[in-house]
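Please read the structure below before turning to the comments.
These numbers come from the heavy atoms of this one structure, side chains and all, not from hydrogens, waters or symmetry mates. Numbers restart at 1 for each chain; the letters A, B, ... are given by sequence-line order, proteins then strands.
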Amino acid sequence: MPTLSGQAIAIGWLLLPFLAAFLSALLPVLARWLALLCCAATVFLAAAIALGALQLGAITGEALPGGALPGAIALLGPYGVSLRVDAFSAPFLLLNGLVGGAVLLDGWRQPPPGPFLPLLMVLHGGLNSAFVATDLISLYVTLEVVGVSAFLLILISRSERTLWVALRYLLIGNTVMTLYLIGTAVVYVQTGSFRLEAVAATTGGAALALLLVGLLTKSGLFLSGLWLPLTHAESPAVVSALLSGVVVTSGIAPLLRLNEAVPALHGVIPAIGLASAALGLLFALVDGEVKRMLAWSTLSQMGLVVLAPAVGGIYALGHGVAKAALFLGARRYPARDLAGWKSRPLPPGVWGPLWIASLSVAGLPPLLGFTAKYQLNKAISPPCGRR
Amino acid sequence: MDAFRLLELLILAALLTGYVGLLLRRNLFLKVLAMDVMGTSVVSLFVLVAARSGLRSPILSPTAGVREASASLAAWADPIPQAVILTAIVIGLSIQALLLVVITRLSRIDPCLDLRSFDDVGGP
């Protein structure tokens, strides 16, 4: 049965990072290789989904023949965990694998102190699950796993500055997830289901509003995202790369899935995205501190990601890889304050990645950022033309 | 049904109390405590949701006849929200523990745990 084997592969791949994290705590010698294995597995799987979907033209929900991965997986009956490993999640998974691998290779010789690698693997696994989960409770659990492991990663440098930033991160994250949980309770009372599709059947805006507050704050959009830049800027460079590159998209991917399932959101989400893009841009222009400026730019780019759900994944991929490179280089930048850059030379080996990543975010033709922006432009122009 | 509505309002009041406390308190420990009040009220909300169809535990014992079971079918509690909220309780507890560890570390910087003294630490 090809479908069954595909399902087994998908579940094995989801469990791999958690098993690897446990194993690496027992055998620290293997930790780097296990982490690399997890990232490589995710990249391969994402590539397999993307190629399979391109060949067949299948987008969602269909089981692909020939031992390929199944679209939708429902475990433990109608109230159980429902996952969807589809073409929508492929760019997000690829992004997760690439950024995880980059962070890992950046510290290959000398990994950051403490339990960095096991935490990296747990974060990686949590993100993978968050990208493929399609029921509200699984999403809650995975987002909390992501939140807690990101919190512990921020604390890895053990400086006093990060203590308060990490505390704030988890406190806000947990509070909004509490609100999200109330939203799921309302959805369950009204529809008797925890599926994302059930949200469309709810009456009154309470459930939808509560769920949105949770997801928007997690993804750092618009007003609820104003708290994120400080967190990104104050964390150690490797953790900033993870937070700004991938962790923000753990809220974006479910948000786009929710947008697809609930027609009532089609007008709201693009408006929030546009407002977020403008707001982030303004803050980025006036901020003179390099890491904070990059974090504001993340806020603005995430606004663009939610504009068109169909190309959101590829846009998030282009942005995440470039932003992770920029943050990883941040340790070697001459000064944290941009005003000091004029008087000091850039160290050799920094300007190349800096140029390429910045130009990709800006959207220069041969780079991924251009492809993403071009597709976004194509995706949003028809409705504008009709008006 | 009136009791259900009353309990719902009480839970909502507890939730709002926690939320307002979280926003207004300047002491970090009290903030975490307020967050716990919110978490607990969400747990009770789920328990209340589970009890809206009845209070009997939904376990069919082989000794009781099927007829007897189906007679009292309407009075069974809904097991799904109860099962779901167990996960949330565990997550809430572990997050609480992590936050308290960080607060013990922060108390070395400022024993009063005042929010304002940390905003400077995190700032530029």
Contacting moiety of [X], where chain A heavy atoms sit under 4.5 Å:
X	result
Met35(B)	side chain
Leu45(B)	side chain
Ile91(B)	side chain

Worksheet item: If you measure only the distance, is there a donor-acceptor pair under 3.5 Å linking the side chains of Thr134(A) and Ser82(A)?
Response: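 Result is yes, a qualifying pair exists.
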
[Y] backbone acceptor or donor facing [X] side chain under 3.5 Å:
X	Y	answer
Ser219(A)	Leu216(A)	yes
Arg257(A)	Phe131(A)	yes
Ser240(A)	Ser235(A)	yes
Thr104(B)	Leu100(B)	yes
Thr191(A)	Tyr188(A)	no
Arg52(B)	Val49(B)	yes

Worksheet item: Any idea which of Ile85(B), Ile103(B), Ile80(B), Asp78(B) has the most non-hydrogen atom pairs under 4.5 angstrom with chain A?
Response: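 Result: the option with the highest number of such pairs is Ile80(B).
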
Practice prompt. Quick one: which of Val32(B), Ile95(B), Leu106(B) has the most heavy-atom pairs under 4.5 Å with chain A, could you say?
Written response: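 Highest number of heavy-atom pairs under 4.5 Å: Ile95(B).
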
Item to complete: Please step through side-chain contact (heavy atoms from CB on, under 4.5 Å) for the pair Tyr180(A) and Val213(A), ending with a clear verdict.
Response: CA-CA 7 Å; Tyr180(A) 172 93; Val213(A) 165; over 6 Å; no

Worksheet item: Considering heavy atoms only, which positions within residues 10-23 of chain B lie below 4.5 Å of chain A?
Response: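 The list, in residue order, reads Leu15(B), Tyr19(B), Leu22(B).
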
Discussion item. Classify the ring geometry of Phe327(A) against His232(A): parallel below 30°, tilted from 30° to 60°, perpendicular beyond 60°.
Written reply: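 Judged by the thresholds at 30° and 60°, the geometry between Phe327(A) and His232(A) is perpendicular.
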
Fill in: Top contributor to chain B contacts, counting heavy-atom pairs under 4.5 Å, from Thr231(A), Asn174(A), Leu152(A)
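Winner by heavy-atom pair count: Asn174(A).
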
Which bit of [X] is near chain B, if near means a heavy-atom gap under 4.5 Å: side chain, backbone, both or neither?
X	answer
Ile137(A)	side chain
Glu144(A)	side chain
Val148(A)	side chain

Item to complete: Please report the shortest heavy-atom distance between Glu197(A) and Ala261(A), naming the atom on each side.
Response: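 Of all heavy-atom pairs spanning Glu197(A) and Ala261(A), the closest is CA-CB, 4.1 Å.
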
